[in-house]
Amino acid sequence: MAVDVLLGLQWGDEGKGKIVDVLTRNYDIIARFQGGPNAGHTLEFEGSKHVLHTIPSGVFHTKSTNVIGNGVVIDPVIFKKEIDNLIKHSVAVNEVLMISRKAHLILPTHRLLDAASEAAKGKNKIGSTLKGIGPTYMDKTGRNGLRVGDIEHDDFKDRYQHLVDKHKQMLANYAGFEYDLEELEGPWFEAIEFIKTMRLIDSEHFINQSLKNGKSILAEGAQGSLLDIDFGSYPFVTSSTTTCAGSCTGLGLAPNTIRNVYGIFKAYCTRVGSGPFPTELHDEMGDLLRKNGREFGATTGRPRRCGWLDLPALKYAIDINGVTHLIMMKSDVLSGIETLKVCTGYKYKGTEIDYLPYRTDPGLVEPVYKNIPGWSEDITELENFDDAPQNLKDYVSYLEKELEVPITIVSVGPDRKQTIKLGDTASV
Ligand code: GDP
Ligand code: IMO
Ligand code: MG
């Protein structure tokens, strides 16, 4: 069987958690391939809301297996809290979750380095979630990192200490940065002992063997394509490959095993943290989108920056991921807006362009908008797209024409049930 990949096409928080949860019943295995506790994936069903950070969003379905792949970075303390929470909700975590031995560990000192580095950047800060993501991936590519599999070996504490000593020297370069490492180490080592009781696997073998045995896999992305380390708005990005290629390196998948690529986007745009955002709205419309969309970070609680949909950016993300199906989220948030705007290009160095240029700093690019009539109806109870307001249907048709990829799901609210499948979506 093949692998399908679901990933965000914007700056994260597109609604990946909700849709993975909706699609899980079609798959035997749900696997996270990159990122770590910087992610916050929200699921709502049966009147309750859950936010997952490291654990795949299929965990509430007893029939599927969830895998944390080698490309993920794990903070043991946050991970243990997440699991404790799931156990409270009667999820038999050890039966449905497996962890790659090759996933890297976020040390307390990685978090300290993240905080020190961001503070030192001042007004140029990335706006990191401060979960230690950057420093952990730096140690991974720098060949210094510690991996989950290392906790099963006797030299783990020595290797930990060796890395921490190195980090302490680095922290000493940040004048005035104070910390209490001992306070952080206690819970961290407790959580390490807990992880030892979990199902640690060589996930690349498990994944490939499962494929040979006819199992179906959904790879769940974190963050979004515009936060990708190579293709995002560098340096205001995260430190992993958030694009489709990341599912290969983050799970040990061969590229030719990938079948569908589900690209998920909001019917508008949001961004949390720093960095260019050409269609950002600094006016009442931005406030309205934030209020109606409840645009506050699932991980940090920070208000999300809001703006109109950006087609050149979306086309770029579709191209680099090979998106086969589009999923449009939060359509309900646009209800009641008389005229919607969609960015179709930019004014750039005196000419109009319809692609994403190398830099999109404010002042360098100015969005060109097309006005589109909005719809006034509340669509949160909509079950069949045939009954949708005509202007919503037209919005969807317009986007499909521009993006040249079918929209196969329209989401009209945060709940699992508020999900409308469109057209012939047998595979979705
Ligand atoms: P993720 O990181 O991509 O999983 O997305 P987040 O969970 O960080 O953010 C998406 C937010 O939008 C969450 O609060 C979801 O509950 C909510 N949400 C998802 N889909 C919809 C939708 O169609 N309409 C509305 N109003 N909210 C949605
Ligand atoms: P999900 O999976 C939105 C952003 C941060 C910051 C930048 C770098 O929920 O969509 P990092 O902590 O990785 O060093 O932060 O990336 N960021 C996210 N924004 N959703 C996320 O994940 C994000 N993960 C990181 O705000 O701008
Ligand atoms: Mg999120």
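Start at 1 and go down the list; that is how both ligands and their atoms are numbered. As the structure is a computational prediction, the values presented were derived from the model and not from experiment.
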The atom name of the N, O or S atom in D13 nearest to the Mg ion (ligand 3) is OD1
When you measure from the centre of the six-membered ring of Y398, is the NZ or CZ of K370 under 6.0 Å away and within 45° of the axis?
-> yes
Near the Mg ion (ligand 3), is there an N/O/S atom from G297 that is less than 2.8 Å away?
-> no
With a 4.0 Å cut-off on heavy atoms, is R294 touching ligand 1?
-> no
Where the closest heavy atom to atom 9 (O) of ligand 1 is concerned, which of R304, K18, H41, E295 has it?
-> R304
Under 3.5 Å: N/O of S331 near N/O of ligand 1 = no
Identified side chain to side chain donor-acceptor pair (under 3.5 Å) counterpart of H41 within the set H53, E220, K18, H50 = E220
At the 4.0 Å heavy-atom cut-off, does G413 count as touching ligand 1?
-> yes
Option among D150, V164, N144 that satisfies the side chain to side chain contact (heavy atoms under 4.5 Å, CB included) test with R159 | D150
Taking only heavy atoms of S411, which atoms of ligand 1 are found under 4.0 Å from at least one of them?
-> 20 (N), 21 (C), 22 (C), 23 (O)
Tell me: protein heavy atom nearest atom 16 (O) of ligand 2, and distance?
-> L227 CD2, 3.7 Å
Before accepting this row, confirm whether a basic side-chain N of the pair R304/E295 lies closer than 4.0 Å to the acidic partner's carboxylate O.
-> yes
What do you reckon, does K131 have a nitrogen or oxygen under 3.5 Å from a nitrogen or oxygen of ligand 2?
-> no
Minimum-distance protein heavy atom relative to atom 24 (N) of ligand 1 = D332 OD1, 2.8 Å
Counting from 1 in the order shown, the ligand 2 atoms closer than 4.0 Å to a non-hydrogen atom of G127 are 5 (C), 6 (C), 26 (O), 27 (O)
Proximity to ligand 2 by part of D114, non-hydrogen separation under 4.0 Å | neither
At a non-hydrogen distance cut-off of under 4.0 Å, which region of F236 contacts ligand 2 (side chain, backbone, both, or neither)?
-> neither
Of all the atoms in ligand 1, which lie at a distance below 4.0 Å from a heavy atom belonging to V333?
-> 26 (N)
Taking atom NZ of K49 and atom OG1 of T42, what is their separation to the nearest 0.5 Å?
-> 5.5 Å
So, does E220 sit close enough to ligand 1 that a heavy atom of it is under 4.0 Å from the ligand?
-> no
Could R416 and F45 be counted as a cation-pi pair, given that NZ or CZ must be under 6.0 Å from the ring centre and within 45° of the axis?
-> yes
So which bit of E44 gets within less than 4.0 Å of ligand 1, heavy atoms only: side chain, backbone, both or neither?
-> side chain
Taking NZ, NE, NH1 and NH2 as the nitrogens, is one of them in D114 or K131 under 4.0 Å from a carboxylate oxygen of the other?
-> no
Decide whether an N or O pair under 3.5 Å exists between A39 and ligand 2.
-> no
Would you say G40 contacts ligand 1, with heavy atoms under 4.0 Å as the rule?
-> yes
